[in-house]
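Everything on this sheet refers to the single structure shown next.
Just so you know, residue 1 is the first one in the sequence shown, and it goes up from there.
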Amino acid sequence: MPGIDECLLEVMRLPGARGASVVDWTSGLALGTIGESPNGDHEATAAETAEVARMTAEQPAFTHLAAEAAAEAAAKAEDGGRSADPPSTPVEDVIVTTHDGYHMLRFVETAFDSSVFLHLWLDRSEGNLALARMRLGELAERLVLA
């Protein structure tokens, strides 16, 4: 179970990774950063991406998805499947495409009411978006926040 620093080091091993951070989307504070920042300031980038994450996670258009996920988790538990808690946010990730890169925001699920996400800045010509999305999801599941 990697902590923040180990998680960020693993993220930077992805092809095309330019920078990454772990951000609290309620406060906009970076809990950890590595690599480059799109605007040269990791704290400003954290605040800006936190706004995107907050707007996405709190949109009423996505709340029906959270209710469906909760119903699926309950049905799976009743059928003897792995009991899974419903997600704390209705969105798993957000991908923003720019002319030279991708910005991926992956929400981190925790046992407590988490408001944390991983932000990866990926070079468009060198990165593999599908691989990065899968790997970021795996890291978000294993990330230990202490």
Side-chain angles (χ1 to χ4, degrees), residues 1-76 82 84-146:
M1 297 280 205
I4 292 173
D5 292 336
E6 294 86 4
C7 179
L8 291 173
L9 286 171
E10 278 192 57
V11 168
M12 290 304 290
R13 291 187 188 119
L14 287 167
R18 297 188 65 184
S21 59
V22 176
V23 180
D24 180 304
W25 57 272
T26 56
S27 67
L29 295 176
L31 305 177
T33 63
I34 193 168
E36 301 175 56
S37 174
N39 61 9
D41 181 356
H42 283 288
E43 292 302 324
T45 300
E48 292 163 0
T49 56
E51 283 295 314
V52 173
R54 187 178 313 112
M55 288 187 328
T56 304
E58 296 175 350
Q59 284 303 310
F62 301 123
T63 57
H64 76 282
L65 299 175
E68 288 175 11
E72 285 179 26
K76 189 179 240 184
R82 194 182 118 215
D85 293 327
S88 61
T89 61
V91 179
E92 287 183 0
D93 52 34
V94 177
I95 300 171
V96 177
T97 305
T98 64
H99 67 282
D100 64 348
Y102 304 107
H103 293 268
M104 298 180 58
L105 311 181
R106 177 65 185 213
F107 292 92
V108 177
E109 295 291 330
T110 61
F112 57 92
D113 187 20
S114 177
S115 59
V116 173
F117 66 91
L118 286 162
H119 169 225
L120 169 63
W121 179 28
L122 194 64
D123 184 89
R124 191 170 183 159
S125 63
E126 296 175 19
N128 180 326
L129 185 58
L131 174 66
R133 184 176 181 269
M134 289 187 320
R135 191 71 185 120
L136 210 58
E138 293 168 1
L139 287 170
E141 287 179 10
R142 295 187 0 233
L143 178 63
V144 174
L145 301 171

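Nearest heavy atoms, Q59 versus M55: CG-O, 2.8 Å. Annotation for A17 and L122: closest pair N-CD1, 3.7 Å, computed over non-hydrogen atoms. When all heavy atoms of L31 and D24 are compared, the closest pair comes out as CG-N, 4.3 Å. Considering every non-hydrogen atom in both H119 and L105, the closest pair reads CD2-CD2, 3.4 Å. Closest approach of V23 and A50 over heavy atoms only: CG1-CB, 4.2 Å. G32 and I4 make their closest contact through CA-CG2, 4.0 Å (heavy atoms, listed as atom of the first residue, atom of the second, distance).
Residues T45 and S21 form no side-chain contact, since every pair of their non-hydrogen atoms from C-beta on lies 4.5 Å or further apart. The side-chain heavy atoms of L120 and H103, taken from C-beta on, include no pair separated by under 4.5 Å. For the pair V108/L118, a side-chain contact is recorded, criterion being any heavy-atom separation below 4.5 Å from C-beta on. Between D100 and D123 there is no side-chain heavy-atom pair separated by less than 4.5 Å. Residues W25 and E58 meet the side-chain proximity criterion, which asks for heavy atoms closer than 4.5 Å. Residues V91 and F107 meet the side-chain proximity criterion, which asks for heavy atoms closer than 4.5 Å. At a threshold of 4.5 Å between non-hydrogen side-chain atoms, the residues M104 and V94 do not count as touching. Using a 4.5 Å heavy-atom cutoff, the side chains of V22 and V116 are in contact.
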- Dump the intermediate steps for side-chain contact (heavy atoms from CB on, under 4.5 Å) on L136 and D93, then the final yes or no. CA-CA 9 Å; L136 210 58; D93 52 34; over 6 Å; no

- Dump the intermediate steps for side-chain contact (heavy atoms from CB on, under 4.5 Å) on E141 and E109, then the final yes or no. CA-CA 7 Å; E141 287 179 10; E109 295 291 330; over 6 Å; no

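Of the possible donor and acceptor atoms, one in the side chain of E6 sits under 3.5 Å from a partner among the backbone N and O of G3. No donor-acceptor pair under 3.5 Å is formed between the side chain of E51 and the backbone N or O of A47. Between the side chain of H42 and the backbone N or O of G35, at least one donor-acceptor pair lies under 3.5 Å.
Between L143 atom CG and F117 atom CZ the span is 13.0 Å, to the nearest 0.5 Å. If you take CG on L129 and CE on M134, they are separated by 10.5 Å, rounding to the nearest 0.5 Å. Note that the CZ atom of R106 and the CD atom of E138 stand 9.5 Å from one another [nearest 0.5 Å]. Put simply, CD1 on I34 and CH2 on W121 are 14.0 Å apart, with the number rounded to the nearest 0.5 Å.
Contacts classified as salt bridge (charged side-chain N to carboxylate O under 4.0 Å, His left out) and involving residues 33-47 (residues at least two apart or in different chains) are given here: R18-E36.
Under the side chain to side chain donor-acceptor pair (under 3.5 Å) criterion, T33 pairs with no residue, sequence neighbours left out. Residues forming a salt bridge (Lys or Arg N to Asp or Glu O under 4.0 Å) with E10 (at least two apart in sequence, or on another chain): R135, R142.
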